[in-house]
Amino acid sequence: MKKVYPDPKASLEGLLRDGMTIMAGGFGLCGIPDELIAAIQASGVKDLTVVSNNAGIDGVGLGKLLETRQVKKMISSYVGENKEFARQFLGGELEIEFNPQGTLAERIRAGGAGIPAFYTKTGYGTQVAEGKETKEFDGHHYVMERGLFADLAIVHAWKGDTEGNLVYRKTARNFNPMMATAAAVTVAQVEQLVQPGELDADHIHTPGIFIKRIIHVPVREKRIEQRTVRKRGDAAAAAGGGTH
Amino acid sequence: MKKVYPDPKASLEGLLRDGMTIMAGGFGLCGIPDELIAAIQASGVKDLTVVSNNAGIDGVGLGKLLETRQVKKMISSYVGENKEFARQFLGGELEIEFNPQGTLAERIRAGGAGIPAFYTKTGYGTQVAEGKETKEFDGHHYVMERGLFADLAIVHAWKGDTEGNLVYRKTARNFNPMMATAAAVTVAQVEQLVQPGELDADHIHTPGIFIKRIIHVPVREKRIEQRTVRKRGDAAAAAGGGTH
Amino acid sequence: MAWTREQMAERAAKELKDGFYVNLGIGIPTLVSNYIPDGMTVQLQSENGMLGMGPFPYEGEEDPDLINAGKQTITALPTTSYFTSADSFGMIRGGHINLSILGAMQVAENGDLANWMIPGKMVKGMGGAMDLVAGVKKVVVVMEHVAKNKDGSESAKLLKSCDLPLTGTRVVDMVITDLGVFTIDKEGTGGMTLVELADGVTEDEIKGKTEGAYTVALR
Amino acid sequence: MAWTREQMAERAAKELKDGFYVNLGIGIPTLVSNYIPDGMTVQLQSENGMLGMGPFPYEGEEDPDLINAGKQTITALPTTSYFTSADSFGMIRGGHINLSILGAMQVAENGDLANWMIPGKMVKGMGGAMDLVAGVKKVVVVMEHVAKNKDGSESAKLLKSCDLPLTGTRVVDMVITDLGVFTIDKEGTGGMTLVELADGVTEDEIKGKTEGAYTVALR
């Protein structure tokens with residue numbers, strides 16, 4: 001079983017069809033499988049439902065698929081950074097299902113772990129709970145959320161071996177490991193492709209069982225969405241927060 | 001906030017009371033917090049409900065607490081290796097709630113992750129589902145299982161830093177990481193206690209937020225339950241399987 | 001006279017305790033990290049998968065793989081750990097984070113919170129806000145006491161009930177505005193209580209700018 | 001004449017395919033790993049948190065931190081990864097394991113399986129068996145065709161319906177006994193089919209030792 005493919009296009013061969021559901025890892029532009037997204041764009045496949053925390057920025061990440069109008073529906077938690085997205089959404093060309101970020105992450109994990117539904121406090125009593133079953137446990141109210149499972153997941157990792165074992169780097173991990181488990185086929189792009197045995201078995205984030213195809217992507221400049229810095233000599237400098 | 005305590009007894013000070021629920025990590029004798037169990041035994045606390053995949057063997061691991069009859073009830077998936085357990089159980093002195101191993105693991109994870117209940121196919125149509133709600137999703141039947149949360153969790157890790165970040169070794173990981181998240185207070189015993197920064201941040205299995213107290217336990221001979229070996233020169237040798 | 005953004009952040013910092021794990025929202029809440037008292041250890045969680053957030057990087061040392069939930073470049077600390085988004089929200093929903101400090105559009109006297117959408121405007125999404133307010137043990141809102149409308153008029157933000165879509169029901173424990181501090185008995189029947197006035201602010205000024213009912217128990 | 005334990009394991013090994021991820025139960029199923037064809041890559045999962053199980057260690061090289069689900073000392077391979085019990089059963093329940101081979105006390109013609117308890121005897125627990133049969137894509141049972149009772153009589157194990165407490169309902173795809181091989185249409189209405197006879201075994205012998213209904217379609 002050879003899992004290694006020569007390039008993004010080859011790694012998606014036979015996997016794409018109109019109307020399918022695709023999960024794409026990443027948070028903002030951090031840890032996104034940009035080369036695989038580009039190959040999906042080039043394929044021309046359309047009417048996609050895309051599950052991803054964000055929708056990229058104009059021309060970068062999932063912004064690419066929005067430009068070419070290949071996306072019919074997004075399932076996301078925050079899509080604030082994309083003008084083309086706003087234009088299509090306000091024009092009624094694009095459907096969006098907002099999920100609270102933790103609910104989205106858990107729905108994906110559940111889908112990959114054979115759990116069809118779970119209960120969460122998140123969103124109880126809000127628009128998010130409309131039309132969903134609710135249930136009381138020990139005096140508290142919860143919303144039932146369903147597991148998510150896709151036809152295809154595309155993920156980005158720092159290192160991978162030819163068996164498909166993956167290791168992610170810093171906050172580029174984010175949604176990638178859950179998505180890798182929650183699709184009929186998962187394709188991974190890795191910055192460093194190594195041989196089995198080169199990764200420490202105690203520190204593999206995604207076991208190879210979840211990865212059907214893997215490609216090595218050349219190192220390129222990674223995009224930064226919000227470049228925040230401090231000057232040398234600054235004593236106090238706030239650590240940034242956020243809820244996107 | 002000092003998390004490091006000098007010894008097992010000190011690390012449990014003020015945490016033990018009769019009738020409480022304790023989660024204890026480990027699979028068989030692999031990765032069990034044996035020193036913390038010994039300290040619980042010495043404390044004399046009784047009527048415990050203990051959540052643990054197994055019940056140790058006679059005089060080792062949870063077998064210690066069974067010898068002294070400190071356990072009222074076990075929540076486990078397999079308890080086959082303990083004569084004292086069998087004696088007390090058959091004599092009606094000990095209550096046992098059997099959970100399928102995956103259901104047990106997921107109930108603990110759910111408890112730690114704020115999920116009061118989830119659905120699983122496991123056990124549908126069997127004794128395990130009796131008295132539990134069931135539900136159909138997409139034509140398949142599932143059983144609703146509840147999250148588990150304990151008063152105290154005791155875990156064993158390979159390395160830990162003074163912030164409480166933990167790294168486990170090989171199959172000694174097992175139930176320890178979920179249990180660390182699923183109790184009001186978690187106490188960890190580690191074979192190597194290091195300073196913050198000595199563990200690779202990408203490879204911490206349990207973030208320090210989950211660990212309230214930590215102790216360094218001296219290296220000692222770890223017990224092996226089933227010593228299986230092959231002779232040098234053996235060409236074929238079966239890898240063992242099992243469903244315990 | 002009223003508190004500045006910095007003073008509101010400084011006031012919010014008084015809710016920190018040694019050993020706390022804290023999640024800070026965008027805006028004024030972010031500034032709170034500047035007011036952590038010396039000798040107090042507080043670990044900042046970033047819901048995109050990091051515990052132990054450090055300050056912004058020095059110029060030229062930005063790492064695209066190391067960002068916070070506001071997508072800003074940040075740094076790590078010796079205590080830092082990284083994890084998945086699922087584990088991150090397990091931590092949040094499971095009640096392991098001691099304190100969440102975040103902004104709001106509206107807060108109701110029963111603790112209801114609205115801070116994610118305005119009907120008719122482009123909706124960007126709730127991000128992790130709904131999970132944070134549902135899961136974190138103590139939720140502190142930091143916001144201006146009133147909203148300034150385009151026509152120059154002012155609208156109350158501390159209301160009897162929110163008219164904007166909710167982020168969570170009965171989730172807010174404390175509201176810190178530029179005019180003062182309120183506590184909310186979100187799980188009981190104690191309602192909202194004015195407990196502090198900002199420098200030079202009178203009870204009357206607050207009364208005129210607050211729609212929600214509250215009792216006064218200055219301390 | 002009938003198949004030996006080794007022949008049953010060898011027959012079960014024919015269900016392996018290149019690239020499969022497989023979970024093997026205790027007993028005869030464990031022996032299947034001796035019959036993986038050369039050039040075929042099969043990764044063995046151990047539900048206590050390991051993928052890529054190697055053979056038993058050489059004497060003196062046992063590692064107490066490295067055991068399989070039968071609590072036996074084993075070794076790792078270059079492809080090995082370790083994970084938590086929750087992740088391990090996520091893998092199992094989520095349908096990512098291609099094949100589970102395990103033993104049984106009884107199998108019914110509709111695919112029901114009983115292999116974890118006998119009322120009145122000491123119950124040790126189901127371990128991971130219920131999760132495996134519920135979650136793994138293909139479930140193959142390897143067992144003796146009949147049970148030998150203490151009084152020397154024999155009891156059928158392939159039944160109309162199991163009388164022992166179930167491990168799972170409609171979960172078994174194939175049964176390999178010392179006498180032959182049956183397939184079961186567990187999700188449809190096709191019932192049980194006898195598809196192979198062990199060396200020297202006749203249809204009549206199987207007929208006499210099988211209580212469950214089956215059609216014959218030898219191949």
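Proteins get letters first, then strands, A, B, ... in listed order; numbering begins at 1 in each. What you see below is based on every heavy atom in this structure, not just the backbone, and it leaves out hydrogens, waters and symmetry mates.
- Within the 4.5 angstrom heavy-atom criterion, atoms from both the backbone and the side chain of Pro57(D) approach chain B.
- In terms of heavy-atom pairs under 4.5 Å with chain B, the best-connected choice from Leu166(D), Asp65(D), Thr169(D) is Asp65(D).
- Interface remark: of the candidates Gly90(D), Gly125(D), Pro29(D), Gly125(D) forms the most heavy-atom pairs closer than 4.5 Å to chain B.
- Heavy-atom distances place both the backbone and the side chain of Ile67(D) under 4.5 Å from chain B.
- Using a cutoff of 4.0 Å between basic side-chain nitrogens and carboxylate oxygens, Glu93(B) and Arg87(B) are scored as salt-bridged.
- In this structure, chain B has a heavy atom under 4.5 Å from the side chain of Glu187(D), while its backbone stays farther away.
- Inspection of the Thr177(D) and Glu144(D) side chains reveals no N or O donor paired with an N or O acceptor under 3.5 Å.
- A donor and an acceptor atom, one from each side chain of Thr103(B) and Thr120(B), are nowhere located under 3.5 Å apart.
- For chain B, the nearby parts of Val123(D) are the backbone and the side chain; heavy atoms of each come within less than 4.5 Å.
- The candidate with the highest count of non-hydrogen atom pairs below 4.5 Å against chain D, out of Ala172(B), Pro177(B), Cys30(B), Pro100(B), is Pro100(B).
- In this structure a side-chain-to-backbone donor-acceptor pair under 3.5 Å is missing from Asn53(B) to Ser76(B).
- Interface check for chain B: of the options Val32(D), Val171(D), Leu66(D), Ile36(D), the most heavy-atom pairs under 4.5 Å are formed by Leu66(D).
- Heavy-atom pairs under 4.5 Å with chain D were tallied for Leu29(B), Ile224(B), Ile96(B); the largest tally goes to Ile224(B).
- Taking Glu61(D), Arg93(D), Met50(D) one by one and counting their heavy-atom pairs under 4.5 Å with chain B, the maximum is reached by Arg93(D).
- Here Met178(B) is the residue among Arg109(B), Met178(B), Lys121(B), His205(B) with the most heavy-atom pairs under 4.5 Å with chain D.
- Heavy atoms closer than 4.5 Å to chain B are found in the backbone of Thr167(D), but not in its side chain.
- Ranking Ser85(D), Ala134(D), Ala114(D), Ala9(D) against chain B, the residue ahead of the rest is Ser85(D), based on heavy-atom pairs under 4.5 Å.
- A side-chain donor-acceptor contact under 3.5 Å links Asn23(D) and Glu47(D).
- With no hydrogens or angles considered, no side-chain donor-acceptor pair links Thr73(D) and Gln226(B) at under 3.5 Å.
- For a residue to count as touching a neighbouring chain, one of its non-hydrogen atoms must lie under 4.5 Å from one of that chain's; by this rule His156(B) does not touch chain D.
- Within the 4.5 angstrom heavy-atom criterion, no atom of Asn82(B) approaches chain D.
- Under a 4.0 Å N-O distance rule, the pair Lys160(D)/Glu211(D) does not qualify as a salt bridge.
- Between Tyr214(D) and Phe182(D), the angle of the ring planes goes over 60°, which puts this pair in the perpendicular group of the 30/60° scheme.
- The contact between Arg169(B) and chain D is made by backbone and side chain atoms together, counting heavy-atom distances below 4.5 Å.
- Ranked by heavy-atom pairs under 4.5 Å with chain D, the list Leu104(B), Leu90(B), Asn99(B), Asn176(B) is led by Asn99(B).
- In this structure, chain D has no heavy atom under 4.5 Å from any part of Tyr168(B).
- Between Phe137(B) and Tyr119(B), the distance from one ring center to the other falls under 6.0 angstrom.
- Annotation: cation-pi pair Lys231(B)/Tyr58(D) absent, no NZ/CZ under 6.0 Å from the ring centroid and within 45° of its normal.
- Between Lys222(B) and Glu191(B) there is a salt bridge, with a side-chain nitrogen of the basic residue lying less than 4.0 Å from a carboxylate oxygen of the acidic one.
- By the 4.0 Å N-to-carboxylate-O rule, Asp34(B) lies close enough to Lys64(B) to be salt-bridged with it.
- Contact of Arg107(B) with chain D is not made at all, since no heavy-atom distance falls under 4.5 Å.
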